[in-house]
2 protein chains.
Amino acid sequence: MPFRLCGELWSYVQMVDSLAQRGDGLFGPLGRKFRNLELGSEGELQALLALVKDKERVRRGKSIVGVAGSSRHLTVLLAGVACWYSSLRGGGRQIHAFQYPGDFCELHRYLLPEPDDIVTVGAITDCSLGFIHYKDVEQAIERYPRLGLAFWRASMLQASILRERQLNISRQPALLRVANLLCEQVVQLKAIGIERAILPLTQLDLADAVCLSNAHVDPILQSLRDLGVLSKNARTIQVVDKERLIDIAKLDPLYLDMVELLREWEISYEEAVD
Amino acid sequence: MPFRLCGELWSYVQMVDSLAQRGDGLFGPLGRKFRNLELGSEGELQALLALVKDKERVRRGKSIVGVAGSSRHLTVLLAGVACWYSSLRGGGRQIHAFQYPGDFCELHRYLLPEPDDIVTVGAITDCSLGFIHYKDVEQAIERYPRLGLAFWRASMLQASILRERQLNISRQPALLRVANLLCEQVVQLKAIGIERAILPLTQLDLADAVCLSNAHVDPILQSLRDLGVLSKNARTIQVVDKERLIDIAKLDPLYLDMVELLREWEISYEEAVD
DNA sequence: CGGCGGCTTGATTCGAGTCAAGAACCGTGG
DNA sequence: CCACGGTTCTTGACTCGAATCAAGCCGCCG
């Protein structure tokens with residue numbers, strides 16, 4: 001079982017994995033995500049979950065898009081962490097977003113086919129994937145129109161994250177960029193019920209996401225550790241003081257708004273579960 | 001009739017405006033856009049167009065979001081140019097995208113309500129707007145499910161533009177950023193049948209979109225004029241050598257791909273019209 | 001003709017990138 | 001249990017692109 005970090009990360013992955021393996025699937029990450037979307041009844045959710053087929057594992061570092069051949073299917077991340085990136089000429093990478101269990105990896109290609117090489121999805125840790133064939137998606141949407149709205153909404157959520165990332169990258173100083181990115185990850189993880197996890201990201205992953213050089217990210221993480229926001233344990237990225245982190249990131253009210261937005265999302269998730 | 005630039009720009013706006021005013025609306029910008037989306041029959045298109053109500057004019061510089069009160073409606077840009085931006089603390093602006101006739105100004109708020117102040121839509125020139133009440137949208141989607149897919153697809157298209165902008169801004173040198181932005185505008189205008197138009201953007205608009213200072217944009221535009229890509233006429237922005245511009249922008253193959261993507265889009269539009 | 005908004009220019013400052021070298025750590029295989 | 005190789009992290013010196021600031025210009029509009 002090759003994992004970069006043992007201990008907490010591994011147990012975290014296993015936990016999520018075990019959720020994904022449960023027979024009913026109603027409480028797995030995909031179910032959670034769909035409940036978050038607040039559209040569709042349990043019946044619709046079950047119909048969707050029944051369509052997930054051909055589970056597969058992908059090793060860390062490998063590409064996820066097109067794993068199952070002709071790629072006429074949606075891919076759901078069941079366990080692990082992935083990222084959505086574009087390769088830049090010259091070897092660089094721009095990571096658009098990180099994906100967590102329950103996320104659709106390639107939703108953006110469903111209605112808007114694009115060449116494979118524009119946007120790629122890569123596995124940051126070993127991942128479990130589920131597939132839903134386009135044919136089944138179409139039929140399900142036809143039968144349960146609200147399912148179509150839920151997919152649409154999921155797309156919009158991804159787009160809003162893109163927008164926030166764009167804002168974040170474009171004109172903020174380096175510290176804020178990193179703080180914001182970390183904030184977002186914490187919120188996303190919380191939304192699927194995971195707290196205080198070690199983020200399985202390398203400094204290079206962070207750098208590619210916030211558009212800085214890796215050599216520049218390092219001292220920033222150190223200062224965050226000095227501030228008590230991150231675990232003192234060098235070589236791992238773990239947020240231990242979420243409030244403080246939000247405080248640093250919110251220096252710009254817009255980011256506070258972003259956090260609020262996501263928090264609202266999270267609240268509505270909890271309501272939905274009640 | 002207060003317009004910053006007379007002559008060509010004004011006639012361009014009038015042309016688009018007259019399209020928007022035509023009784024049937026089937027060939028107006030909204031009709032074109034929907035045909036581009038390749039989903040839905042003419043019947044569905046007509047149903048949609050029938051829902052557009054409460055046309056209104058907004059003066060340049062004013063905000064578009066929430067013009068008609070409680071904002072329980074989609075807003076369609078019928079004529080003019082608008083932009084989608086976030087205000088940065090400290091007076092700055094990040095322009096996410098420019099909008100042209102036929103674009104939905106606030107599609108992103110339909111399924112994902114957000115505070116008003118995160119993203120704003122502003123009128124760059126005087127604009128004509130049409131409104132479709134959410135209630136009507138819902139009914140129409142229920143009756144014509146493919147309409148829902150078309151909206152979804154329109155959202156995805158906006159998201160892909162966001163992504164390209166993010167790539168563009170993040171790590172390209174200034175000249176490429178500007179060239180790419182201009183490329184995108186040319187392609188978007190062509191898609192609604194407008195060529196060789198003067199872009200009614202100020203250098204500050206450009207700067208806010210590509211994330212440079214206005215003082216930095218100016219010499220870049222000059223060099224593009226020297227290269228024969230832009231009209232020699234200072235104080236206006238008009239692409240006169242599209243091929244050359246694409247050539248400059250495509251220095252990075254990813255951007256070429258972007259252009260290809262949009263070009264493909266445009267082609268399928270022409271097929272649909274045939 | 002006067003004022004204002006946008007464009008143009010240059011000097012200076014600063015943040016971030018690049019490069020290169022070394023250290024710490026992980027997982028591997030002996 | 002220990003030695004090894006590769007990956008990731010850490011550090012510092014140097015470079016460069018772009019921001020900022022400030023001033024002057026031009027053309028449009030009242």
Side-chain angles (χ1 to χ4, degrees), chain A residues 1-10 59-61 88 90-94 124-126 168-178 198-226 230-238, chain B residues 1-10 59-61 88 90-94 124-125 168-178 198-208 210-226 230-238:
Chain A
M1 287 296 177
F3 257 90
R4 188 148 43 98
L5 299 168
C6 15
E8 284 159 296
L9 171 64
W10 183 224
R59 318 280 299 187
R60 111 168 232 263
L88 303 174
R93 228 181 8 160
Q94 173 63 44
I124 285 188
T125 67
D126 287 10
N168 185 13
I169 284 175
S170 58
R171 311 208 203 213
Q172 297 304 316
L175 176 64
L176 288 193
R177 295 193 208 177
V178 174
I198 291 182
L199 298 174
L201 310 175
T202 74
Q203 292 188 355
L204 190 58
D205 292 329
L206 284 182
D208 287 343
V210 295
C211 208
L212 294 170
S213 68
N214 55 349
H216 200 179
V217 165
D218 182 63
I220 290 167
L221 289 183
Q222 286 181 48
S223 66
L224 284 175
R225 280 194 256 269
D226 289 344
L230 293 182
S231 147
K232 299 291 183 195
N233 187 352
R235 308 202 135 244
T236 67
I237 300 170
Q238 179 184 25
Chain B
M1 287 295 175
F3 257 91
R4 186 148 44 97
L5 299 169
C6 16
E8 284 159 296
L9 171 62
W10 182 225
R59 317 284 294 189
R60 110 168 233 262
L88 303 174
R93 230 183 4 161
Q94 173 63 44
I124 285 187
T125 66
N168 185 13
I169 285 175
S170 58
R171 311 206 202 213
Q172 296 305 315
L175 175 65
L176 288 192
R177 296 194 208 176
V178 174
I198 291 183
L199 299 175
L201 312 175
T202 73
Q203 292 188 353
L204 190 58
D205 293 329
L206 284 182
D208 287 343
V210 295
C211 207
L212 295 170
S213 69
N214 55 351
H216 200 180
V217 166
D218 183 61
I220 290 168
L221 289 183
Q222 286 180 49
S223 67
L224 284 175
R225 279 194 256 270
D226 289 344
L230 293 182
S231 146
K232 297 291 183 195
N233 187 353
R235 308 199 137 248
T236 66
I237 299 170
Q238 180 184 25

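Bear in mind the structure is a predicted one, so any value in this text is a computation, not a measurement. Naming convention: chains lettered A, B, ... in sequence-line order (proteins, then strands); numbering from 1 in each chain.
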Participant: Take L204(B) and A215(A), find for each the nucleotide of DNA chain C with the closest heavy atom, and name the residue whose nucleotide sits nearer the 5' end.
Facilitator: L204(B)
Participant: How is L221(A) classified with respect to the nucleic acid when contacts are heavy atoms under 4.0 Å: base, sugar-phosphate, or nothing?
Facilitator: nothing
Participant: Do you know the tightest heavy-atom contact between A174(B) and H216(B)?
Facilitator: CB-CE1, 4.0 Å
Participant: Taking only side-chain nitrogens and oxygens of Q222(A), does any of them come within less than 4.0 Å of OP1 or OP2 of dT11(D)?
Facilitator: yes
Participant: For A207(A) versus S213(A), what's the shortest heavy-atom pair and its separation?
Facilitator: CB-C, 3.9 Å
Participant: In whole Å, I'd like the distance from the CG atom of L206(A) to the P atom of dC9(D).
Facilitator: 9 Å
Participant: Whole Å only: how far is the CD atom of Q172(B) from the P atom of dG17(D)?
Facilitator: 14 Å
Participant: Any donor-acceptor pair under 3.5 Å linking the side-chain atoms of Q222(B) with those of D218(B)?
Facilitator: yes
Participant: Taking CG from L212(B) and P from dA19(D), how many angstroms apart are they, rounded to a whole number?
Facilitator: 5 Å
Participant: Check every strand shown and say whether P173(A) touches a base, only sugar-phosphate, or nothing at a heavy-atom separation below 4.0 Å.
Facilitator: sugar-phosphate
Participant: Between dA16(C), dC9(D), dA18(D), which nucleotide gets closest to the side-chain atoms of A174(A)?
Facilitator: dA16(C)
Participant: Heavy atoms only: give me the nearest Q94(B)-D208(B) pair and the separation to one decimal.
Facilitator: NE2-O, 3.5 Å
